[in-house]
Amino acid sequence: MAFDEELLYTVSETSRVRFTGIETETSRYDFGFVYTHQFMGKVLVVCMQTGQSALLDMHALEEPRQLYPMLGINLYDTDHVAEFLRLCLEEGTKDGKTSESPLEKM
């Protein structure tokens, strides 16, 4: 293999992925969430509109304005989107055995 000296790691796993979208007063946001055992418990969040992604946990949402540079969220929408992302991150911490997620109750 030509990349033997450059390859740092390769990990394969079956991950849970959720796609969900919300609408604020000013914008629409579609997100992909990858719940994985990688990344020390953080969830890989991808904003479909901007193409930007970030590894997030609850601690990252303590200052919602951080979402503006990380995911390209409109500064006006950061509080609203942060609250939504909290629900999504809570979903990722569950063991998958619950019958109805907080998101499905919306």
query = Hey, any chance M70 and L85 share a hydrophobic cluster, counting ILVMFWY side chains that come within less than 4.5 Å of each other, even indirectly?
reply = yes

To the nearest 0.5 Å, atom OG1 of T14 lies from atom NE2 of H37 at 9.0 Å

When every non-hydrogen atom of N74 is compared with those of S27, the smallest separation belongs to ND2-OG, 4.1 Å

Minimal heavy-atom distance between T36 and F39, with the atoms involved, is CG2-CD1, 3.6 Å

Rounded to the nearest 0.5 angstrom, the CG-CD distance for L44 and Q38 is 11.0 Å

Closer than 3.5 angstrom, by distance alone: can the side chain of Q49 be matched with the main-chain N or O of D30 as a donor-acceptor pair? yes

Between the CG atom in L67 and the CG atom in L56, the distance rounded to the nearest 0.5 Å is 7.0 Å

Correct closest heavy-atom pair for G32 and F19 would be CA-CD2, 3.7 Å

Shortest non-hydrogen pair, L71 vs Q52, comes out as CD2-O, 3.6 Å

Exercise for the section: Over 60° means perpendicular and under 30° means parallel, so classify the ring planes of F31 and Y29, tilted if in between. Expected result: parallel

d(R65 CZ, I73 CD1) to nearest 0.5 Å is 13.5 Å

Heavy atoms of V43 and V34 approach each other most closely as CG1-O, 3.5 Å

Under the 3.5 angstrom rule, does the side chain of R86 hit a backbone N or O of L61 as a donor-acceptor pair?
yes

Rounded to the nearest 0.5 Å, the OH atom of Y68 sits from the CG atom of L75 at a distance of 6.5 Å

**OP:** Taking atom CD of E63 as the centre, report whether more than 12 heavy atoms of other residues, nucleotides or ligands fall under 6.0 Å from it.
**Re:** yes

Taken to the nearest 0.5 Å, the spacing of R28 CZ from M48 CE works out to 11.0 Å

**Study point:** Shared hydrophobic cluster, F84 / Y76 (ILVMFWY, side-chain heavy atoms < 4.5 Å)
**Key:** no

For S53 and V46, the nearest pair of non-hydrogen atoms, with its separation, is CB-CG2, 3.8 Å

